[in-house]
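Written out below as structure tokens is the structure these notes cover.
Count residues from 1 along the sequence. Whatever order the structure lists them in is the order used to number ligands and atoms, beginning at 1.
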Amino acid sequence: MVSRVIPVEPFDLVVFGGTGDLARRKILPALYRRFLAGQMGETSRVIGAARSVMDAAGYRDFVRAAIDEFDPVSAGDEGALAAFLERLSYVAVDATGDTGWDRLAGEVGSGRIRAFYFSVGPRLFGALAERLHEYGMADSDSRIVVEKPFGRDLASARELNRVLAQHFHEHQIYRIDHYLGKETVQNLMAVRFGNMLFEPLWNSQYVDHIQITVAESVGVGGRGDYYDRAGAMRDMMQNHLMQLLCLIAMEPPAKFDPDAVRDEKLKVIRALDPVAPDNVVRGQYEADGDKPDYRAQVGDPESTTESFVALKAHVSNWRWAGTPFYLRTGKRLKDRASEIAVVFKETPHSIFGEDAGRHRNILTIRLQPNEGIELGVTIKEPGPGGMRLVDVPLDMTFAEALGPDSADFPDAYERLIMDVIRGNQTLFMRGDEVEAAWAWTDPIIEGWEERGDAPKPYDSGSAGPDDALMLMHRDGRRWREIKP
Ligand code: NAD
């Protein structure tokens, strides 16, 4: 199978924060890979814009070093890399002042798609939107890409939406959640809505519960300052895990188009029950050998920010009444592993004696490290010796069936940036979705603050605090093992 590359129209992409960490690690290498795939046409260009003063040659050296470091394999093609770097320029701008804006307006072409990636801290989003407008770059062909975090509560998210809406229409605003750009997440929708097999079973009558785990093995690292003001609830749960829950729980949209999909996701968020205090567990990691504990890492011995959160959620509608959704995410856990598991009910009656009730189908959607979808089915263990049952995985990534190229798909940032250029918002969060998600998480966070709840300590390299295990044990269920 040869992967198909859909051409996109010529574009100018301005990366505000083009010298930052995210630009270096993700955005610029992603653009280079799309260039290699032939998606940057003859004339498309990338313009870095940030505070540092440097010329285009300096920026090209900077980008070359970033690609060398973060995608050494692709960087090996010297001719292609040089040709890509030719497409790059740089303008030093001050988001909050006037420096550089006239020059930037002159650099950005007209009569072509213009995209502006806000890869800067959220406090600058409003200023950037305002200046794009003031300097004549905000026309109907322009679009902005906004990084997370989108607010820190409902009030700040509303304010951000309001400020952006002063200069851009909703169809021009791309709020990025890179989890939605993952190949497997889209495959999940294909599996759900492209087959007759699953949808009839996709409800509380047949699904016992759903687990969503996003586990990281690293600690807060160099992002301690930001992280300590956010915590796992704001940094991961309110956005990434909620989005995954929505895709699992939503009704089939009438079409695979941006508003149809996002309308259905919004209904899920609005159907979520408030979470009772005993259905949420927060945790903070302990030291691990010479690796410091959370508090030491963020430089605040009194910090009560959580590096782990687990909760039980209920989607109160006809489809899901009675089926709990268990969600957990945290740092310094056993492994880096993210998955969604749809755990079906046991068969109502076993004709196989002692195996009765032991087997159940589990549909696993693995997001990282090895993206893929697997369905666990029960079969007879081959060979003589009677009827012994065994669970085996049916691998639905089908790399074998589709050929080796099928594993060579664009990463989330590549796909999402190209969706911005194509003008396809399906995999981006709409303003009302983000607000609804905050409206659900705010009372949880406020409850912690009012009660003075402190996070429970947990061992680095574990599966989180014991209370998180209890969250499921008391329901007679257990978390799946965290393993890649
Ligand atoms: P960073 O601090 O590494 O880079 C910030 C960039 O903004 C720099 O290029 C800097 O020059 C520019 N900048 C700062 N003030 C400016 C001003 N007044 N005018 C013009 N440019 C200015 O930050 P980062 O880690 O790259 O994060 C960027 C955004 O992406 C943030 O919103 C962050 O929350 C989000 N994000 C980052 C990561 C990550 O892994 N780094 C992951 C997800 C989301």
Considering non-hydrogen atoms of the protein only, which is the closest contact for [atom], and what is the distance?
atom	answer
atom 6 (C) of ligand 1	G17 CA, 3.5 Å
atom 10 (C) of ligand 1	T19 OG1, 4.1 Å
atom 31 (C) of ligand 1	V120 O, 3.4 Å
atom 26 (O) of ligand 1	L22 N, 2.8 Å
atom 19 (N) of ligand 1	A95 N, 2.8 Å
atom 41 (N) of ligand 1	D21 OD2, 2.7 Å
atom 28 (C) of ligand 1	S119 O, 3.3 Å

Side chain or backbone, does [X] bring an N or O within less than 3.5 Å of an N or O on ligand 1?
X	answer
A23	no
K148	yes
F125	no
R223	no
A50	no

Can you list everything that forms a side chain to side chain donor-acceptor pair (under 3.5 Å) with Y135? Sequence neighbours excluded, please. D98

Does the side chain to side chain donor-acceptor pair (under 3.5 Å) test come out yes or no for R175 and N239, once each step is laid out? CA-CA 11 Å; R175 296 174 195 78; N239 40 40; over 6 Å; no

As an exercise, identify every atom of ligand 1 less than 4.0 angstrom from a heavy atom of [X].
X	result
D94	17 (C), 18 (N), 19 (N)
V93	19 (N), 20 (C)
P149	34 (O)

Output yes when a side-chain donor or acceptor of W101 lies under 3.5 Å from a complementary backbone atom of D94, and no otherwise. yes

Under the side-chain hydrogen bond (donor to acceptor under 3.5 Å, both in side chains) test against S338, which residue among E216, Q368, K182 passes? Q368

Please report the shortest heavy-atom distance between L36 and S74, naming the atom on each side. CD1-CB, 3.7 Å

For F35, ring pair (Phe, Tyr, Trp, His ring centres under 6.0 Å) partners two or more places apart: F84

Give the intermediate values and the outcome of side chain to side chain donor-acceptor pair (under 3.5 Å) for residues Y294 and E306. CA-CA 9 Å; Y294 176 83; E306 75 286 352; over 6 Å; no

Run the salt-bridge test on R430 and E170 with the 4.0 Å N-O cut-off and return the result as yes or no. no

Of H178, K26, R51, which has the heavy atom at the shortest distance from atom 22 (C) of ligand 1?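 Closest candidate by heavy-atom distance is R51.
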
Heavy atoms only: which of D177, T99, I176, L124 lies closest to atom 16 (C) of ligand 1? L124

Do any non-hydrogen protein atoms sit less than 4.0 Å from atom 3 (O) of ligand 1?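 Neighbour list for atom 3 (O) of ligand 1 includes protein heavy atoms (cut-off 4.0 Å).
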
Do K456 and Y458 meet the cation-pi criteria used here (NZ or CZ under 6.0 Å from the six-membered ring centre, within 45° of the axis)? no

Between R25 and ligand 1, which residue portion shows a heavy-atom distance shorter than 4.0 Å: side chain, backbone, both, or neither? side chain

Quick one: does ligand 1 sit under 4.0 Å from the side chain of E147, the backbone, both or neither, non-hydrogen atoms only? side chain

For the residue pair H178 and Y413, does the interplanar ring angle fall in the parallel (under 30°), tilted (30 to 60°) or perpendicular (over 60°) class? parallel

Verify salt bridge (Lys or Arg N to Asp or Glu O under 4.0 Å) between R114 and D12, making sure each step is shown before the conclusion. CA-CA 5 Å; R114 305 154 165 203; D12 280 354; over 6 Å; no

Within the 4.5 Å heavy-atom criterion, are L88 and V46 side-chain neighbours or not? yes

